Amino acid sequence: MKAYLKSLLFLGLFLPLMACTHLPDNYTKTNDTLRLKPDYSGVTLPCNIAPMNFDIENEADQYITQIRSTHGKPIILTGKGVRINMKKWKKLLEANKGERLIVEVYAKKNGSWVRFPLIKNVIAPEPVDNYVVYRYIAPLYTLYEGMSINQRNLENFDVSVLYDNRNLSTDEKSQCVNCHSFQNYNKNGSMQLHLRGENGCTLFVRNGKYTKINLKNPAFVGNAVYPSWHPTENVVAYSVNVIGQNFYTKKLDKVEVLDEKSDLVLYDVDKNRITPIEISGNWLETFPYWSPDGKYLYYASAYFNPTSANVEVETIEKYATIRYNLVRKAFNTTTHTFGQTDTVVSASSIGKSATFPRVSPDGRYLLYTMADYGNFHIWHRSSDLYLMDLKTRVKRNVEEINSPEVESYHSWSSNGKWVIFSSRREDAGYTRLYLTYFDGNGHFSKPFILPQKDPSFYERSFKSFNVPEFIVKPAPISKRGILKALKDSTRNANL
Amino acid sequence: MTQKTGKTHVQRPINPASGKQSPSNKRLIQEEHKKTNRFSQLTESKLYILLSLALFVLFVVYQTLVTNRPVIWKLHDQSLFLTDLTYLKECLSSVGGLSVYIASFFNDFFLTPWLGTIFYTTFLLLVIWVTSKAFNLKGWLFPLALIPSLLLLLSLTQNGYMIYVIKLKAFSYVGILGILVTLTGALLGAKARKPIVQSLVAVLYMLVAYPVAGVYGVMGTLLFAIFSLKHGLREKQYVHLIPAGVALLALFMVPRAYDWVYQATLQEKLYLANLPDYWHTESERFLWLPYKLLAGCLLLLALLPKKMPSMNSVVRLLPFVLFIAVVFFVDKKTFKDENFKTELRMMEASEKGDWNQVLQLANEVKDEPTRLIVMHTNLALFKLGKLGDALYHYRDGNKIKKAPRGIFDVYLAGPFFYFQYGKINYSYKWCMENTVEYGQSPTSLNYFVLSCAVNGQKKLAEKYNNILSKSLLYRSLSKKLAKIIEDPTLLEKEPAYSKVLVLTKFDNFLDCDQSEMERYLRFNFAFTVGGPPEMVELCLLANMDLRNPNQFWPAYFYYIQNFKRPIPIHIQEAALLFNHLQKTNYIDPSRFDPTVLKRFDQFLAMIQQYAGMADYTVKDLFKAPFGDTYWYQFSFITNHSNPSNSPKYSPYSS
């Protein structure tokens with residue numbers, strides 16, 4: 001009797017486990033398209049990426065999925081939702097760098113098994129940077145409410161909330177948090193962050209020390225907005241902007257963010273001194289970004305000469321004619337002075353507008369966004385990513401990663417092999433992050449959405465991923481550090 | 001008099017001669033004794049308790065379903081319970097989240113007011129029961145147990161317009177659930193245990209109660225400390241005071257410890273999480289009153305002795321008297337404003353597409369209407385095709401909202417009105433603003449879906465509709481919306497959304513409404529060029545309201561040249577007036593109603609008759625014969641949506 005019960009217990013516990021590890025012996029191949037959500041087919045993935053879980057959308061009674069490569073044990077899973085074991089995934093990827101990753105999906109319907117066409121992905125030997133930092137914020141709103149700076153570990157699903165504005169923001173004293181910027185992928189633990197409204201300031205963090213600075217100066221048109229920290233020097237380039245926001249009555253773009261005025265300034269972190277880089281009444285300069293070697297400052301520049309007294313109204317009336325080119329200024333890293341300005345992308349000459357210049361770490365390529373007009377391209381459905389070979393000055397629309405919806409803000413990984421960019425291709429409303437592999441010769445692989453533990457996360461997420469920045473080690477800020485720093489007195493930056 | 005038996009010891013007068021009591025005195029004393037005994041028995045009887053409870057229930061139903069039904073209905077929009085795990089996780093990511101989660105479940109039922117009221121009343125009764133247990137309020141003391149529930153009721157009924165702007169989701173139930181958590185602390189504290197065990201219970205209670213109910217957990221721990229203190233003092237052993245000290249320490253330390261766990265706890269409300277976010281201004285101070293009184297009440301109840309000494313009948317009556325006094329207090333402090341309720345009733349009728357009901361409600365308005373009432377009325381007239389003929393038959397007004405803070409109408413009804421007037425992008429924008437600020441609601445999701453459907457953004461519409469499909473009570477709405485996503489032209493068949501698509505035929509441009517919805521709509525329509533007849537009619541009426549004949553005429557000519565339909569009466573009136581004032585010859589009287597022409601002549605004659613007299617002296621004289629015309633509106637009524645716009649032309653200048 002005892003033995004009988006023991007056998008039953010064994011069967012009850014272990015039989016189900018044994019049953020799910022076998023692939024069907026008899027199946028037919030089908031040509032039906034396998035629909036995965038998210039679409040992780042035909043992609044090149046980093047060898048250190050978190051498991052790329054997905055759901056199978058094809059209807060069937062049972063499912064078996066096998067994920068295999070050249071070396072190591074395949075991973076076999078059952079069910080419509082494919083949730084890959086972290087350890088097994090890591091092991092498989094580690095053992096198969098540079099190899100193919102094959103996904104086989106079997107489905108049982110009406111008593112018989114079919115196998116869908118194989119999904120063939122590639123495991124890139126180059127890893128992606130460990131972390132991405134982004135602002136998590138609802139799109140299209142004018143109020144400061146419920147936004148956070150988050151850090152996602154790309155090797156797993158860990159998300160750390162570095163700071164949430166709901167810690168301090170109330171109706172009476174609201175607070176916005178934005179424009180996180182790291183020096184050289186946070187290799188030295190240096191970053192800065194803006195806070196607007198209540199406790200407004202710019203927080204600089206270096207070697208674990210927080211400094212609260214007021215960068216606003218009446219000599220400039222506005223407060224310091226879009227930052228870029230020099231890769232080697234302790235200087236940060238900012239645009240100073242007077243920004244307005246208006247709404248389309250019908251166009252699906254919905255929002256237009258316009259600069260009435262904008263210039264560039266340079267802030268010396270060590271000396272607490274701010275100096276003008278480019279101040280002119282007839283030009284709008286914005287979105288500065290240093291080249292990886294620090295020898296050039298790239299930025300967007302548009303000619304705009306308002307003729308009426310009401311600049312705000314004139315800006316709104318002429319919004320579709322304001323077009324930015326990409327220019328760069330030479331920078332002397334010893335004297336911290338600027339030299340000549342060159343036009344790199346003359347977008348206005350072809351009736352377009354370019355922003356967000358980002359040079360690849362090897363200095364060879366320039367990746368930027370281009371749309372029909374304006375600079376705040378996350379709201380422009382016409383915005384796409386473009387690539388210029390800085391050697392040959394040949395540029396092209398990176399069709400292999402663009403979509404009919406907006407593609408915008410992008411960052412190169414520190415090894416220059418990966419790009420993360422913002423796109424609203426999922427639903428045309430909410431910005432998601434996509435990763436793509438760069439082969440070093442001007443071509444990208446099919447992009448894929450940032451993996452989530454539960455693939456249905458994006459359906460239930462009503463916030464956008466804003467300004468993704470790769471970093472190689474955890475961000476040097478924390479909620480406690482920020483709250484403590486905000487109690488300190490604010491230093492004014494000297495002119 | 002003891003609490004239990006109700007026996008009274010009465011001093012009997014003695015006959016000085018015999019040293020005995022006289023018979024008549026004896027009888028009086030016996031009757032006195034019987035009365036006292038009867039009264040004592042009454043206050044100890046179940047009938048007394050039932051009477052108190054019955055009065056309470058009647059009062060709650062009166063304050064909710066009877067006099068505030070539309071407000072109770074609107075509460076359903078204050079939160080949205082979702083059946084998936086993600087919603088639970090979202091709630092639990094904040095202090096007090098579990099209370100909010102459960103509260104939002106019950107809050108949904110206010111969609112059907114009578115059902116919501118039943119649940120709500122039941123919970124208030126539960127609070128009464130637990131209060132009576134926690135503070136040992138039996139017999140004559142029982143009415144005291146009703147006071148916390150009355151104050152909770154006031155915390156709901158005092159709000160008025162504030163229900164639109166309170167960010168604490170399902171606040172109507174959060175307070176109730178919170179108080180139950182508080183009372184649990186009292187119950188735990190009242191139980192006699194060994195000091196070490198009691199201390200452990202205090203810490204465990206706070207560790208659980210704070211993340212579950214925020215400030216109510218803090219309050220519960222305070223009550224725990226008080227009860228432990230009382231017990232210690234009673235036992236006269238200092239070791240029994242230790243649990244009180246531990247409870248107070250836990251009260252202080254636990255929220256700070258949890259601040260390391262929760263990423264987004266408003267620092268200034270670390271100990272006050274789950275209270276509504278009223279401002280601490282002069283105008284909103286009164287809103288804190290129920291909460292302050294509730295705290296005070298619970299503290300006082302906690303200080304009552306465990307065994308009450310015997311009391312005379314006057315004292316035994318006090319709890320009931322206090323209960324009645326609080327009932328009157330709650331009634332007095334309850335928000336009362338017919339305009340507010342009318343707005344809500346109009347919204348409810350509009351959402352069903354019952355435009356006649358909206359007009360009926362407009363006719364019932366006794367006081368000067370608010371702008372929202374006027375907007376609802378105008379929209380109903382537009383839907384019924386009567387706007388151009390009957391606009392000025394309804395009362396105009398600009399009664400200031402009886403709200404303690406400035407609340408723009410666009411927050412109250414922006415998505416609705418913008419959608420109804422074809423401003424789809426603005427409807428979407430204000431859905432987003434409201435959702436970001438106040439959380440998801442059925443109304444916002446409804447207009448999110450509709451806006452995206454009309455804009456042809458199918459995937460986005462489905463994203464929002466997917467949320468409604470995960471709700472408890474809006475799945476049928478979700479199914480209906482799914483059909484509209486597939487075919488937005490189906491909107492025309494919905495009474496609530498007729499004539500929306502026709503108003504979407506305009507060119508794109510860039511602007512901003514500055515959060516002034518009515519003003520934006522008026523100016524937007526006023527400067528529209530061409531379009532279908534409905535849009536041109538709105539353009540004409542907008543320019544009439546703006547007293548802008550220069551913009552009126554092009555639209556007028558467009559109307560009469562392109563549409564083979566009678567010119568609406570008020571537009572005829574405006575054309576006649578502008579033609580007269582500008583001394584032009586733009587109109588063809590043959591297309592005009594003879595009655596209108598005749599009345600205009602009479603109007604002009606009356607103008608001549610009273611020429612030179614001040615407006616305010618003749619306004620009433622003109623009202624009877626011409627109060628329902630544009631001429632009266634132009635001459636005597638301020639343009640409420642643009643008060644600085646005074647008439648360019650005065651009828652008296654001619």
Side-chain angles (χ1 to χ4, degrees), chain A residues 137-148 150 159-173 244-256 258 312 315-317 319-320 405 424-430 454 456-463 478-480 483 486, chain B residues 82 84-87 89-90 93-94 165 167 259-260 262-269 277 279-281 405 422-426 428-429 431-440 448 452 455-464 466-467 470 504-513 515 524:
Chain A
I137 183 173
L140 189 118
Y141 75 94
T142 52
L143 304 153
Y144 298 160
E145 194 84 22
M147 63 180 87
S148 59
N150 290 1
V159 175
S160 308
V161 176
L162 300 176
Y163 183 71
D164 191 312
N165 78 333
R166 286 173 295 175
N167 284 301
L168 290 178
S169 187
T170 62
D171 275 351
E172 297 153 286
K173 297 179 283 180
Q245 187 172 220
N246 292 281
F247 304 92
Y248 288 109
T249 55
K250 206 149 187 205
K251 208 170 163 188
L252 293 183
D253 289 358
K254 295 205 172 79
V255 175
E256 188 62 43
L258 296 162
E312 187 189 352
T315 313
I316 295 168
E317 285 171 356
Y319 74 92
E405 295 295 336
R424 289 188 174 176
R425 64 185 64 187
E426 288 292 302
D427 52 29
Y430 292 84
D454 181 354
S456 69
F457 167 85
Y458 292 111
E459 279 173 34
R460 286 289 273 113
S461 164
F462 289 88
K463 285 187 177 173
S478 68
K479 166 185 154 177
R480 305 232 74 83
L483 290 176
L486 289 178
Chain B
L82 299 176
D84 64 359
L85 201 59
T86 306
Y87 179 64
K89 285 181 187 170
E90 280 169 3
S93 67
S94 300
V165 298
K167 292 184 186 175
D259 194 37
W260 287 85
Y262 289 104
Q263 287 301 327
T265 308
L266 190 57
Q267 295 299 294
E268 64 184 43
K269 288 192 177 167
D277 49 313
W279 295 353
H280 295 279
T281 54
R405 66 169 83 154
K423 309 302 174 197
I424 307 301
N425 276 7
Y426 272 97
Y428 182 88
K429 170 188 147 57
C431 285
M432 184 65 80
E433 302 282 354
N434 284 346
T435 300
V436 168
E437 199 162 9
Y438 304 112
Q440 280 175 346
F448 261 138
C452 294
N455 271 347
Q457 293 180 297
K458 204 173 153 190
K459 274 190 176 171
L460 198 51
E462 283 166 354
K463 183 180 172 76
Y464 293 118
N466 187 39
I467 299 302
K470 291 183 199 298
T504 61
K505 298 180 190 337
F506 55 88
D507 294 331
N508 175 67
F509 49 94
L510 199 58
D511 63 13
C512 183
D513 67 352
S515 307
N524 184 278

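All of these numbers come straight from a predicted model, not from anything done at the bench. Side-chain atoms are counted along with the backbone in the values below, which use heavy atoms only and exclude waters and symmetry mates. Naming convention: chains lettered A, B, ... in sequence-line order (proteins, then strands); numbering from 1 in each chain.
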K.L.:
Using heavy-atom distances under 4.5 Å, tell me whether Y458(A) contacts chain B through its side chain, its backbone, both, or neither.
P.N.:
backbone
K.L.:
Measure from the side-chain N and O atoms of K463(B) to the backbone N and O of F462(A), and report whether any donor-acceptor pair falls under 3.5 Å.
P.N.:
no
K.L.:
Check each atom of K251(A) against the heavy atoms of chain B and say whether the ones under 4.5 Å are side chain, backbone, both or neither.
P.N.:
both
K.L.:
Which atoms of L162(A) are under 4.5 Å from chain B, going by heavy atoms: the side chain, the backbone, both sets, or neither?
P.N.:
neither
K.L.:
Ignoring hydrogens and geometry beyond distance, is a side-chain donor-acceptor pair present between Y426(B) and D511(B) at under 3.5 Å?
P.N.:
yes
K.L.:
R460(A) and K470(B): which non-hydrogen atoms are nearest, and at how many Å?
P.N.:
CD-CE, 3.9 Å
K.L.:
As an exercise: rank D507(B), D84(B), N455(B), D259(B) by heavy-atom pairs under 4.5 Å with chain A and give me the winner.
P.N.:
D259(B)
K.L.:
Determine whether F509(B) and N524(B) make a side-chain contact, defined as any pair of heavy atoms from C-beta on separated by less than 4.5 Å.
P.N.:
yes
K.L.:
Heavy-atom cut-off 4.5 Å, strictly under: side chain, backbone, both or neither for E317(A) against chain B?
P.N.:
neither
K.L.:
What part of L258(A) gets within 4.5 angstrom of chain B, counting heavy atoms only: side chain, backbone, both, or neither?
P.N.:
side chain
K.L.:
Determine the option with the most heavy-atom pairs under 4.5 angstrom with chain A, choosing from D277(B), N425(B), N466(B).
P.N.:
N425(B)
K.L.:
With a 6.0 Å cut-off on the ring centroids, do Y428(B) and F247(A) count as close?
P.N.:
no
